[in-house]
Structures are given as structure tokens and as C-alpha cells.
Amino acid sequence: MAAATHKVKIAARLRPKIQGEIDDDSIKVVHASDNSGGSTSSSGGSFISVPNPRDPTQIFKFPFSSCYDQDSSQEEIYYNDVEPLLDVVYSGVTVTIFAYGVTSSGKTHTMQGTKHEPGVIPRVVRGMFEKKDVNPQYQTSLSVSYMEIYKDEVYDLLVTRENAPKLPVRENDAGVVFVANLSRVPLSSVEEFDSIYTAATKHRSVGATNLNRASSRSHAVLTIEATMLDLDSNTTLLGKINLVDLAGSENNKLTGNDPSRMAESAAINKSLSVLGQVVHALNIGASRIPYRNSKLTRILQDALGGSSVGLLICNLAPGLKFRQDTLNTLNFAVRTKNVENKPVVNERDNRPVPKPHFAAVSTIQPTAAKPAPAVLQAISTTGSSTKSGSRSRPSLVPVSRLHRPSIGGPNAYQPFAIQPNGRRGTLLNEKIPELEEDRSGNLGLGLSEKEINERISKAVEAAVEAEVTRRLAEREQQRAAEEERARAAQMHAAGSNSASGEVALPSGVLTPLLKRHKDLDDELKNRLQELERKYEQGSKETQLADVLSPVSKKKTGRAYVALARAHSEKGDLRVALELYRKAETYVPDNIKLKERIIEIEWAVKNDREYVPSPKPKRKSKPKKKAKSNLSQDNYMADEERMDVDKLGASSKENLVVGEFGMEVTNTETPKIKRSFADTEDLGKELPAMTPLKRQKKTPTANVSSDEENESAVMRTQEINIAV
Ligand SMILES: Nc1ncnc2c1ncn2[C@@H]1O[C@H](COP(=O)(O)OP(=O)(O)OP(=O)(O)O)[C@@H](O)[C@H]1O
């Protein structure tokens, strides 16, 4: 059955002006029924309108299913968008709600809230307890876990800070990503949760910046799990809700961060940038989604293109100084709403099932599917367990693993049993030749009790010895198979892997199902070899990249990019891709390069033509000057800005619907044309200049708010290589 898809839902919320904030009142929440803007409630057909910071006559419109203005209450958001998801959790599906936005846009206020205005988290817990016993079919228990991702490391917030080691993020055989050793505390009441949550929140990394007195310096993920035991069918449903308060993207120029804050800031911006790349890759249907590039995206993998239901609350700050960041946030949200998930019901069959030895796989019955809002698929109920039955995904467990001695298989160790005559037991299923012989002859006739016992003892010894020998041989065989596979993986020639797989399979038991398993294993091995080869190549390049100076790295990267571009223009996409990847080892943080790689991967995979963007012109000069700043926090701004500019550049009429559904309204077309011509010039000229030239052209004087936006473009262009 094809999996039902569910798009990530977006709710946008504009925060009220805070003390001292300069707000020109130009960001509006508009509803379909109210084109004057500024209404208070949310409903379908609403949008956020924001003027272009560089040309206020141009209005960007961002339509979302829920838009909340400055007067919206915590209660409103909860009942409109969050509370309906609790039923989804109680149907055994994972739900993820995450708050996204620039620093001080109101994420923590929305998720956590205050004592008088509780946010999503306390309300969800209350709601979960209220609904806990609604379905008497289940015995339901709730538990909580709470972690933070601080500088790309995961910490448990439910243990004291001194005892909080960095927790590893792992993936089990079924591809389920989980945080190892994260504590999970059972909950018996709302009050118990409140005291745990209040204490744990104090452990979260919070610091003061110029923009927010209590700025979250980490991403926090709180998970409430509902374990629903159905005593009749002896199955367990597991519903989960992840409530994520992301750290805010920030511009260090505005935050005025000290060196330690800068390091935090770089980690925050980097992980948010990877989040943007993941969403971008999902949108273009890339073959490789860069989830692994940050812990945040690995942990949120299930919420983005995975098997959970997602709600993104996009928080917006009204202040003028955040205008560009607000546009970035909205651009991200518009892209995210195209991300599709395939929700599944998490169900576990509690009946003891023997571990599937490959020879017994065909006899194992999968758990019966239950009706649910989405496609049914038994998946793991905890991070550390595995999907049972593998109904929708074929098992890729290597043959050698399936070969391990396991309970229930033909070679499994069997317990001693009592003979019908009440004498000492022997091994079940094991023939005892001497005894058989005697039985066929005159067993018991002419033999004393002692002699019979001696014979039995001898037979048992022989059987035990045989079993031990068999086990040793099996272990040896397994070891040899593993060695063989490792050797095969080192050889680059495809097809050199078959021997090990065949050795591991006992002859005469290859049912069609097992053959299919074997094919999958071969495919897996081929993929592993391919990966290994790439890794080897990559690591050589990385070693070289490690010893080069930053300037040489950039030069080498640029050279590879030039070569890659030449091949891409010739239509030789595979070679171009290889070269772009090599370039990436020298300039690993270049977002445009990463995007280019993803695009070409997609073109290669889908056998599509790829048209590279035009080469940057070298002659013209930039219109404005700005400071040089190579810090990492500009990546996001650059990446998102490209979208805004692209949309603007393509807007020839008064209203244009953008690539991802964003609308651009021009009120004065000629002016706009000029404005975007300027923007384009900036984008094209800067990459063509050497960093030295650019530095000469960029004075360090303060710039106005409008100039800041342009300088952001210039700064980010400096770190870019024209890909
Ligand atoms: N809807 C709202 N109503 C009233 N005050 C709000 C609202 N949203 C945010 N605030 C206030 O704005 C300030 C910044 O909000 P908050 O700390 O929630 O931002 P944030 O996005 O979590 O920031 P950071 O990313 O730096 O942690 C706080 O003082 C908060 O109380």
C-alpha cells in the first residue's frame, strides 16, 4: 500500500513590539476576508505581507494556513493548531512541532510561555493527561524526555548539568535515529511534569545578547511519549510528540556577541543553515538529503521528509532591524510547507516472537495492521528497538548477521528435556547413535541400570561435543565470511562480493524469499563498496585540504569549480559532479556549492538536463561598499536572500507567484526593475573580484539599516565561489 503523505503545516506568528524596538508597522497579517490587514485570529487563506526592505513599494506576500497577529493569544494558537494534533499522537503517530525564527522573535514565549501565559509545552502536557483515558481499550502511560543541542552536542536536560555527558546520536538497523542513553521519566500527573520541567529548563543554555536578555543558546527538544497497551490484542501503540524550541538565527553584528557567544552563534547558525539545506534538498527531490550534516537535522530527520506529522511555528519579529531576517524566516517557512512526510503508526506486537533466523523468515507473520490516519507500518517503539516485520521496507540485514546463531533457527541451541521415562534429559533433536542402536536391538534387555546410565552419559557427552564443534565451526564460518566481505569491500571491482554471500548461505534452503534477501544483501554490499570508495577518495582530498593554507584551499576549490563548470557546460554531468565534490573538500562551508552538488546529483539521478547559472561578469563594479566579514553566520542570510532576489528578478508584472508559492506584488514596476538590476549586479560582480580587491573596496564605516541589508549580500558574496 502506498504511504499517505502529509505536508508540514505552517503557522506564522507576529510578536508584539517590545520596549525600545523600532517598528514601522509595515509587517501585516492579512486574512482572506479582511484585506485591510491586522486582524487577530487565524484561518485559511491568510498571509503575511512584508515590504521589500530595499524598495518599500514592493510587497512580498507569504500565504500560510494559519497566521497570527500581534494580539494573538497562547490559547488561540494551542486550540487552533496544536490541540487537534493530540488525537494524532493518541493514534500512535509521532508529531513534531517546532518554533523557528530569528533571535527574540518569540519562540520560547510560544513554546514555553510564562506562568500567566503558558505556551505550547505546558498546554500539550495538560491536554495529553486530559485525553489519556479517553480510550478505555488501552492502558496508557506517559513519559517525558528533554534534551538540548548545544554547539552541535546533545545533552540530557533531565539530569544535573555536572552529570550530563555528551550523548551520541545513533541509528538502529531499521534506520531509526535515536539519542543513546537519553533518560525518560514516567509521568503520573501534570504537577509532576511542571516540577520536572521547571527544574530542567534551568539547565538549558541561556545567555544575554544585545537582542535578547534571555536568549536560548541551544535547540531544546522535549518529547512526551504515550505508551498505549492493548491487553486484548497484546500490542502496544506508541504516540509521541516532539516539541522543539530552536535557537534563533542571529546576526552577530546586531547581537554584539563576545567570543564565547560568537562560537555559540556560529554553531546555531550552522545547524539552522543545514536545516535550510535539508528543506531545499527535499524540495528539489535530491537523492541525498544532508541530514547528517548536523545533530539537529539528524534528530529532526523524522519530522522532515520522515514518518511523523509536522507543524512549524514561524515566529516573526516586527522590528525594523530584523526585516531581512524576517524575510529569511518567511522564505524558509514557505519552502518547508512543500516538505512531505509519510506518517506511520508505531505499533509493537508484545507476543514473544522468536528472532527471525533467515531460514525461518517466511514463517514469521507480521503484526496485523490497524486503521489509522496514515499508512500502517510497524516501526520501533523506542529508539533502541527495531522495526518489526519490516512491512513496508525490505530488510537489508546482511546475510552474515542473519547467520548468527539465534533462537528458533535450525541450528539453535536447544535446552535439555526430560525423557518420557523420567531419566536424565538429552538434547532435543539430536540423534544419539549408540542409544538408537541399542533401542533397535535389545535396549534394556540384559543391561543393568548402571550400564544404561553410562551409555546415556556417553551419548550426552558426544552430543554436547558435537554441538560445541558445530558452534565453533559456525563461528569460524561466520568470521571467514566477514573477512571475505571486508576484503571484497576493499576491492573496487563490482561483483567481487558474491563469494562471501554465497559461502554464508547453506545450500538447499534458498527459498525465493531468501534469494530476494540475498539480492538485497548484494545490493547493500555494492552500495557499501561504493560508499567506501567515495570515502577513501574523499579522505585523501580532505588530508590534502587539511595541510593547505586558507588561501590555497580557496584557490584549489575555485580551480575545481572552474573545471566542474566547464564539464557541466559540456553536459558531462557525472565528471562535473565529481569535481564539484572535490571542490567541496576545500571549501566545505560554501552553501551555493552544496546546493549545486545537490542539484546536479538530482539531474544525474533523474537523467535530466542541467543548465548551469550564467557565469558571473567580471567588469562592472559594486554599487555599495560594506565591511568585510567572513563569519559563518552569514550563510543563512545569503542562501535565503538568493530566493528573494530571484523572485524579485523574475517579477515582470504586478503580481507574481514565486517558486514556492510566495507572491511578490510590485506597486511601481520601473522602480523595481532598477532595484533588482542593482541587486543582480551586486550578486554578479562580487564573486568575480579577488578577496583582496573586495577588501580594498569595502570601508569599515557604519552603514544605515538599508545599507546593512546590502552589505549582508556583499559580505556573504565574499565567502562564495561562483559555482
Ligand atoms: N507573543 C508575545 N507576547 C508578549 N511578549 C512576547 C511575545 N513573544 C515574545 N515576547 C517577548 O519577547 C522577548 C523575546 O522572546 P523570546 O525569548 O521568546 O524569543 P526567542 O525567539 O525565543 O529568542 P532566542 O532565539 O534569542 O531565544 C521576551 O521578552 C518575550 O517575553
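Computed from a predicted structure; not experimentally measured. Numbering of ligands and ligand atoms starts at 1, following listing order. Starting from 1, each residue takes its place in the sequence as its number.
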Donor on one side chain, acceptor on other, S271 and H219, under 3.5 Å: yes
Derivation and outcome, salt bridge (charged side-chain N to carboxylate O under 4.0 Å, His left out), residues R123 and E130: CA-CA 10 Å; R123 284 172 196 270; E130 277 162 18; over 6 Å; no
Ligand 1 contacted by V102 (non-hydrogen, < 4.0 Å): yes
Those atoms of ligand 1 less than 4.0 Å from some heavy atom in R13: 1 (N)
Of the listed options R15, Q19, H219, closest to atom 10 (N) of ligand 1 (non-hydrogen atoms): R15
Side chain proximity check, R13 to L316, heavy atoms < 4.5 angstrom: no
Residues T96 and N242: side-chain donor-acceptor under 3.5 angstrom: yes
Any N/O pair D245/ligand 1 closer than 3.5 Å: no
Proximal candidate to atom 1 (N) of ligand 1 [heavy atom criterion; set P16, A247, G106, A220]: P16
Presence of salt bridge, R298 and E171, under 4.0 angstrom: yes
S66 and N80 side chains, donor-acceptor separation under 3.5 Å: no
Mode of E117 contact toward ligand 1 - side chain, backbone, both, neither (heavy atoms, under 4.0 Å): neither
Among Q112, K107, Q70, closest by any non-hydrogen atom to atom 25 (O) of ligand 1: K107
Contact with ligand 1 for G101, non-hydrogen, under 4.0 angstrom: no
I18 contact mode with ligand 1 (heavy-atom cut-off under 4.0 Å): side chain
Under 4.0 Å to a heavy atom of G248 - the qualifying atoms of ligand 1, by number: 25 (O)
Electrostatic pair K240-D302, nearest N-O below 4.0 angstrom: no
